[in-house]
Amino acid sequence: MKKVATRFAPSPTGPLHIGGVRTALFNWLYSKNKSGTFYLRIEDTDKERSKDEYKDQIINSLKWIGVENDGDEYIQSKKINDHINIAKELLKNGHAYKCYCSNEEIEEQKKRAKQKKVPYIYDRKWRDKSEAEAPINVKPTIRFKSKIDGTSLLKDLVQGDVEIENNTIEDFIILRNDGTPTYNLSASVDDYQMNITHIIRGDDHKINTFKQMQIYLAMKWDLPTFAHIPLIHTAEGKKLSKRDKASTLDDYSTIGIMPEALRNYLLRLGWSYKDKEIFNKEESIKYFNLEGIGKSPSKLDMSRILSMNEHYIKNMDENDLYDQLSAYCENYKHKIPNEKSEIIKNSLRFLKNKAKTLEDIYNNSKYIINDVINFNQEDLKLIDDNAKRIISEFSNNINKIDEFKRDNLEPIIENLIKSNNTNFKGVGQPLRIVLTGSKFGPGIYDIIISLGKDEVQKRLSVQIS
RNA sequence: GGUCCCUUCGUCUAUCGGUUAGGACACAUGGUUUUCAUCCAUGAAAGAGGGGUUCGAUUCCCCUAGGGACCGCCA
């Protein structure tokens with residue numbers, strides 16, 4: 001058995017979206033499950049549209065979610081000469097031919113096909129024509145001599161056996177008239193030279209696979225194994241595109257989705273292992289297989305992404321959570337001041353209870369981070385004279401205690417409730433508002449203890465008008 | 001239009017001929033609670049339709065309907 005090698009081969013012509021990330025994840029998991037190799041190949045042969053910024057975005061996205069390629073990135077444009085050589089070889093051994101059709105001629109054919117509502121397929125005009133008839137003013141393209149008779153069978157690890165009539169595959173161009181190779185040629189040659197054993201990709205590539213298989217056959221190369229996975233659809237049921245909002249990883253990290261959570265979500269989107277929902281990195285490698293991939297496309301569901309993220313927030317180690325929060329705040333909000341980091345770390349215990357995202361935790365911890373409180377005007381109305389009296393009584397009472405802990409604070413609150421003939425809300429709500437600026441938030445004891453005596457007194461003394 | 005693929009609760013899915021069709025998210029209700037949450041319990045919710053094959057079909061086959069992908073000198 002050859003050592004398993006997979007690859008993810010995006011073109012840097014746009015930002016990588018979440019569907020591509022899932023394809024990369026599946027390739028990576030499959031290779032790691034088989035103790036194999038996973039390559040990243042940047043297909044940058046479209047010089048017009050390829051951009052370094054997209055290449056960087058792709059590499060960073062994969063890094064962020066924890067999909068790591070073995071070895072350096074493979075840059076396809078550096079291998080163009082190899083591709084051209086194979087084209088020449090195919091030409092020499094009769095599997096390809098020069099096509100002297102002009103651009104206009106082809107366009108005309110397409111237009112006519114459209115009018116007649118028949119599918120356009122190149123008419124193979126130059127397949128058997130002698131080069132002696134070639135026009136002198138046209139630079140030829142090189143076309144692959146595709147099979148005309150019979151059928152081809154793709155034994156797909158996800159889709160099963162797929163059989164098509166060979167005559168539906170046209171004589172596709174492998175070398176443009178400027179001498180550069182096209183996708184199907186380059187991809188085949190690279191996959192062969194990189195010893196790729198399993199090609200896992202979106203099922204939008206299925207037709208390409210039949211073309212690429214013919215190149216393999218013509219070159220007498222051993223075929224790799226193919227697995228075409230269903231695409232991810234938007235909530236509307238269409239193929240995910242770069243134009244859709246919430247399609248790149250940055251869209252998710254911006255709102256405080258963590259890489260582990262998104263990785264877990266993506267893994268379970270279109271793949272399952274019994275009833276198991278939560279997979280850490282090791283488990284996902286251990287259990288991943290191609291059999292678990294479903295055949296139907298699946299829709300993106302934000303509420304599930306959120307709940308997965310919530311699960312990871314609640315269950316991960318608090319030191320790790322703090323590290324993620326801290327990095328998140330620095331990247332997307334404001335850096336957590338050094339003097340506040342300990343308090344926040346210690347408060348994660350309760351801050352995380354009401355958070356689905358890192359952004360939620362950040363919002364919940366604003367009362368700690370910000371020294372000056374922005375009061376909500378509606379909430380402020382709840383601070384009437386009675387409330388002000390309670391606040392001031394509370395302030396006097398806590399002056400008498402040294403250590404802020406629940407055992408010390410509880411009697412004070414209880415007494416205030418009794419002496420003012422009110423309930424917990426009557427005391428807790430004014431305190432919460434004056435200490436945090438909001439009616440909602442952590443438990444009142446958590447707030448008081450996290451802020452500490454000095455800060456609490458400072459905030460209680462602020463004049464509410 | 002041609003080729004290919006798909007079809008189980010709203011969503012992601014389990015089932016590999018015999019189940020009260022299971023789980024998770026979301027939703028609803030109730031309970032706990034110190035606001036908001038968390039947490040716990042309960043509930044509602046599905047085999048696209050029609051034919052076969054079979055003692056028995058969600059499961060196998062065919063047809064119909066619906067959805068999707070591809071149809072570039074892009075990748």
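Throughout, protein chains are lettered first and strands after them, A, B, ... in sequence-line order, and every chain is numbered starting at 1. It should be emphasised that the depicted structure is a prediction, and the values quoted were computed from it without experimental measurement.
- The same atom, C1', is picked in B:rU13 and in B:rC71; the two are 32 Å apart, to the nearest Å.
- When distances run from any side-chain atom of A:R49 to the nucleotides B:rA75, B:rC70, B:rC74, the shortest one goes to B:rC74.
- With rounding to whole Å, A:H233 atom NE2 is found 11 Å from B:rC12 atom P.
- Centroid-to-centroid, the aromatic rings of A:F8 and A:F26 stay 6.0 Å apart or farther.
- The partner of B:rC16 cannot be assigned: no Watson-Crick or G-U wobble pair with both contacts below 3.5 Å exists in any strand.
- Residue-level contact check: A:G441 touches the bases, meaning some heavy atom is under 4.0 Å from a base atom.
- Spacing between atom CD1 of A:I293 and atom C1' of B:rC6 amounts to 15 Å, rounded to whole angstrom units.
- Ion pairing between a basic and an acidic side chain is recognised when a charged N comes within 4.0 Å of a carboxylate O; A:K299 and A:E236 show no such pairing.
- In the model, A:N363 has a side-chain atom that pairs as donor or acceptor with a side-chain atom of A:K366 under 3.5 Å.
- Distance, A:E236 CD to B:rG68 P: 11 Å, rounded to whole Å.
- Pairing for B:rA41 is with B:rU29, a Watson-Crick or G-U wobble pair whose two hydrogen-bonding atom distances lie under 3.5 Å.
- The stretch residues 176-183 of chain A touches RNA chain B through A:R176, A:N177, A:T182, A:Y183, each having a heavy atom within less than 4.0 Å of the strand.
- To the nearest whole angstrom, the two C1' atoms, one in B:rU59 and one in B:rG52, are 15 Å apart.
- Using a 4.0 Å cut-off between charged nitrogen and carboxylate oxygen, A:K352 and A:E318 count as a salt-bridge pair.
- Applying the ring-ring contact (aromatic ring centres under 6.0 Å, His included) test to A:Y74 and every residue at least two apart in sequence or in another chain returns nothing.
- Note on A:K352: every side-chain N or O is 4.0 Å or more away from OP1 and OP2 of B:rA37.
- Going from atom NE2 of A:H311 over to atom P of B:rC39 covers 10 Å, rounded to whole Å.
- Atom CD1 of A:I278 and atom C1' of B:rC12 are 13 Å apart (whole Å).
- Not counting sequence neighbours, the partners of A:Y367 by the side-chain hydrogen bond (donor to acceptor under 3.5 Å, both in side chains) test are A:S450.
- Regarding A:I447, its CD1 atom lies at a distance of 10 Å from the C1' atom of B:rU34, rounded to whole Å.
- Stacking is found between A:H205 and the pyrimidine-like six-membered ring of the B:rA75 base under the 5.5 Å centre-distance and 30° plane-angle cut-offs.
- Atom CG of A:N315 sits in a crowded spot, with more than 12 heavy atoms from other residues, nucleotides or ligands closer than 6.0 Å.
- Comparing B:rG66 with B:rA48, their P atoms are spaced 16 Å from each other, to the whole Å.
- Using P as the reference atom, B:rG22 and B:rC9 are 14 Å apart when rounded to the nearest Å.
- Comparing the P positions of B:rC40 and B:rG18 gives an interatomic distance of 34 Å, to the nearest angstrom.
- B:rA37 sits 15 Å from B:rG31 when the P atoms are compared, rounded to a whole Å.
- A straight line from CG of A:N184 to P of B:rC71 spans 10 Å, rounded to a whole angstrom.
- Taking atom C1' on both nucleotides, B:rA41 is separated from B:rU33 by 15 Å, rounded to a whole Å.
- With P as the reference atom, B:rU11 and B:rU32 are 35 Å apart, rounded to whole Å.
- As judged by a 4.0 angstrom heavy-atom cut-off over every strand, A:C101 is placed among the base-contacting residues.
- At the heavy-atom level, A:K110 lies under 4.0 Å from the strands shown only through sugar-phosphate atoms.
- At the heavy-atom level, A:N208 lies under 4.0 Å from base atoms of the strands shown.
- Judged by distance alone with a 3.5 Å cut-off, no donor-acceptor contact links the side chain of A:K206 to the base of B:rC4.
- The pair A:D171-A:K145 does not meet the salt-bridge criterion, since no charged nitrogen lies less than 4.0 angstrom from a carboxylate oxygen.
- Both A:F440 and A:D46 sit near RNA chain B, but only A:F440 has its closest nucleotide nearer the 5' end.
- Distance from the side chain of A:I444 is smallest for B:rU34 among the nucleotides B:rU34, B:rA69, B:rA75.
- Between A:E108 and A:K110, no side-chain nitrogen of the basic residue sits less than 4.0 Å from a carboxylate oxygen of the acidic one, so the salt-bridge criterion is not met.
- A cation-pi arrangement is not found for A:R304 relative to A:Y265, the charged atom failing to lie both closer than 6.0 Å to the ring centre and inside a 45° cone about the ring normal.
- When each of B:rC6, B:rU11, B:rU35 is scored by its nearest atom to the side-chain atoms of A:K295, the top-ranked nucleotide is B:rC6.
- No engagement by A:P10 is indicated, since no non-hydrogen atom pair under 4.0 Å with the nucleic acid exists.
- Using a 4.0 Å heavy-atom distance criterion, A:E48 is classed as making no nucleic acid contact.
- B:rU34 is unpaired under the criterion used here, namely a Watson-Crick or G-U wobble arrangement in which both key atom distances are under 3.5 Å.
- Counting only heavy atoms from C-beta on, A:K354 has its side chain closest to B:rC36 among B:rU3, B:rC36, B:rA75.
- With distances taken from any side-chain atom of A:I173 to the nucleotides B:rA69, B:rC73, B:rG68, the minimum falls on B:rC73.
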*Which letter, B, S or -, goes with each nucleotide of nucleotides 13-31 of chain B from 5' to 3', with contact meaning a protein heavy atom under 4.0 Å?*
SS-------BBBSS-----
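- For A:Y216, the ring-ring contact (aromatic ring centres under 6.0 Å, His included) partners at least two apart in sequence or on another chain are A:W221.
- With a 3.5 Å ceiling on both atom-pair distances, the Watson-Crick or G-U wobble partner of B:rA65 is B:rU7.
- Remark: C1' of B:rG72 and CD1 of A:I207 are 14 Å apart, rounded to the nearest angstrom.
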*Candidate pair A:F288 and A:W28, rule ring-ring contact (aromatic ring centres under 6.0 Å, His included), full reasoning*: CA-CA 10 Å; A:F288 187 78; A:W28 176 71; 9.7 Å; no
Review item, side-chain donor-acceptor pairs of residues 147-156 of chain A, under 3.5 Å, at least two apart:
unit_1	atom_1	unit_2	atom_2	d
A:T151	OG1	A:E163	OE2	2.8
A:S152	OG	A:N166	OD1	2.4
A:D156	OD1	A:V158	N	2.8
A:D156	OD1	A:Q159	N	2.8
A:D156	OD1	A:H228	N	3.1
A:D156	OD2	A:H228	N	3.1
A:D156	OD2	A:H228	ND1	2.5

